[in-house]
There are 2 protein chains.
Amino acid sequence: MSPKVTKSYKEERKRSILEAAKKIFIKKGYEAFVMQDVIDAVDLSRGGVYSYFSNKEELFLSILEDSNSTYSKEIEDMAKHPSIWNSLVKDFEEYKSASDTEDLFGAVQIEYFLINRLLPEKKIYMKERYKFAIEHLIKLFDEGVTNGEFNPKYPLETIARYFITFNDGINIATIFLNKKDLNFNAQIDIFLSHLENMLGVVKQ
Amino acid sequence: MSPKVTKSYKEERKRSILEAAKKIFIKKGYEAFVMQDVIDAVDLSRGGVYSYFSNKEELFLSILEDSNSTYSKEIEDMAKHPSIWNSLVKDFEEYKSASDTEDLFGAVQIEYFLINRLLPEKKIYMKERYKFAIEHLIKLFDEGVTNGEFNPKYPLETIARYFITFNDGINIATIFLNKKDLNFNAQIDIFLSHLENMLGVVKQ
DNA sequence: TATAATAATGACATTGATGTCACTTTAAAA
DNA sequence: TTTTAAAGTGACATCAATGTCATTATTATA
């Protein structure tokens, strides 16, 4: 009888493996990431790491879940703000001032999805994630409508999809060039003005 | 002395290998593509294929060159049209009515660039290609300005970058969902109206 | 302090793909 | 019809990564 270690000990181990793995995913990308990298980064043997996560995909999906729930929380927080439009603008302003190297996990996600795009089993999961993101955005926009803040020119769903399209596009662009060379800020400003127009933001 | 076959014989071989390879890239994606696939598809042995192309990247880049020059030609043709705006709209209309499975090489390209984004040697090449695309678009838009067709609200470069961003984004989106589920047509229409506005299209 | 459950180790078999090369075939020219 | 240079073959050595498992170490409990 008696387990060797406490539950929190194991959770801490898991957490530290995930943390190391995330750094490596960002540094090397999904494709180039190998389990040996994690084994080297964490104070554990090959078998040890494998007893927590049995392959790289499991590691990746675990990290993805986390960033998923962070995303949901952020959107939900936004919905609580008195002015949704202002909190959206603020979010983009932060995005503009963030350093080039931040939030590179977005690129890893796109890479993972691209690599697996032709495997039917994975496709279902990907669709669900896309749907999930769209639904959250629609909910946020809808809150603004009931607020009287928005008077949309297009169906909210269409606006949400367009939003995601721009986001993915700009994500790809930052992979090739740094924000300065990209005219990043100008692109964001233009998109914001389009978004403002589509949502029919009511000036108060 | 004397070479065994004619020059055109070898060129034909090369062409047929490239053709088969392109199909496989589209079917399996860049990452999953292996040389054995090509060997099986073409009536040649392992060593035979390798004597034409020494690895998968060489194959890919060769195909990329082709689709590059096709792209340039298309843009140049557009610039010759009496109304550039109309030819742009026509192009997007064709894009809308194209079947879901067409032009999937775009996804392969993005996949390749994503996978190699962290290798400095490759990065230079990627930047150049991006620059190349931007320059072509600027030239096209500029033609419209000298035409008196456009009266742009933003620098042409910014519009060109925004254009590419939308394009990449919609490319990614079509990977996850089919055009119908995506609201593809609605997204294109919205983008066209934004583009029309940014370029300041003068109605004639 | 003994013991037993489980955490951790790392050598190893396996896999799957790559690129090469000694050899064979082919066909144009001598 | 020979010769010979180049085209084509496919077995093979190599490599890099994976996941496993017999073994060892550790520690909470009895």
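Below, chain A is the first sequence line, B the second, and so on; all start at residue 1.
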Whole Å only: how far is the [atom1] atom of [X] from the [atom2] atom of [N]?
X: A/Lys14; N: C/dA7; atom1: NZ; atom2: P; result: 12 Å
X: A/Glu31; N: D/dA16; atom1: CD; atom2: C1'; result: 12 Å
X: A/Asp40; N: D/dA16; atom1: CG; atom2: P; result: 15 Å
X: B/Asp37; N: C/dA17; atom1: CG; atom2: C1'; result: 11 Å
X: A/Lys7; N: C/dT6; atom1: NZ; atom2: C1'; result: 17 Å

ask   = Less than 6.0 Å separating the ring centroids of B/Tyr162 and B/Tyr154?
value =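 Aromatic pair excluded; centres sit 6.0 Å or further apart.
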
So, does A/Tyr52 get its side chain near the phosphate of C/dA7, meaning an N or O under 4.0 Å from OP1 or OP2?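 No.
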
- Quick one: is A/Tyr9 getting a side-chain N or O under 4.0 Å of the C/dA8 phosphate, OP1 or OP2? yes

Contact string for nucleotides 18-26 of chain D, one letter per nucleotide 5' to 3', B = base within protein heavy-atom range under 4.0 Å, S = sugar-phosphate only, - = neither, reads BBB-----B

Task: Results of side chain to side chain contact (heavy atoms under 4.5 Å, CB included) for A/Glu19 - residues two or more places apart only - done: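 With neighbours one apart ignored, the set is A/Arg15, A/Lys23.
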
Donor-acceptor contacts, no H, no angles, side chain residues 174-184 of chain B, under 3.5 Å, sequence neighbours left out:
{"residue": "B/Thr174", "atom": "OG1", "partner": "B/Ile170", "partner atom": "O", "Å": "3.3"}
{"residue": "B/Thr174", "atom": "OG1", "partner": "B/Asn171", "partner atom": "O", "Å": "2.7"}
{"residue": "B/Asn178", "atom": "OD1", "partner": "B/Lys180", "partner atom": "N", "Å": "3.2"}
{"residue": "B/Asn178", "atom": "OD1", "partner": "B/Asp181", "partner atom": "N", "Å": "2.8"}
{"residue": "B/Lys179", "atom": "NZ", "partner": "B/Tyr95", "partner atom": "O", "Å": "2.8"}
{"residue": "B/Lys179", "atom": "NZ", "partner": "B/Ala98", "partner atom": "O", "Å": "2.8"}
{"residue": "B/Asn183", "atom": "ND2", "partner": "A/Thr158", "partner atom": "OG1", "Å": "3.3"}

Are the charged groups of A/Glu128 and A/Lys123 less than 4.0 angstrom apart, N to O?
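No, A/Glu128 and A/Lys123 are not salt-bridged.
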
Once you apply a heavy-atom cut-off of 4.0 Å, does B/Phe53 come out as touching a base, just sugar-phosphate, or nothing? nothing

Taking the six-membered ring for Trp, are A/Phe150 and A/Phe141 parallel (under 30°), tilted (30 to 60°) or perpendicular (over 60°)?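 Rings of A/Phe150 and A/Phe141: perpendicular, over 60°.
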
B/Phe60 vs B/Phe25 aromatic rings, parallel, tilted or perpendicular, using cut-offs 30° and 60°? perpendicular

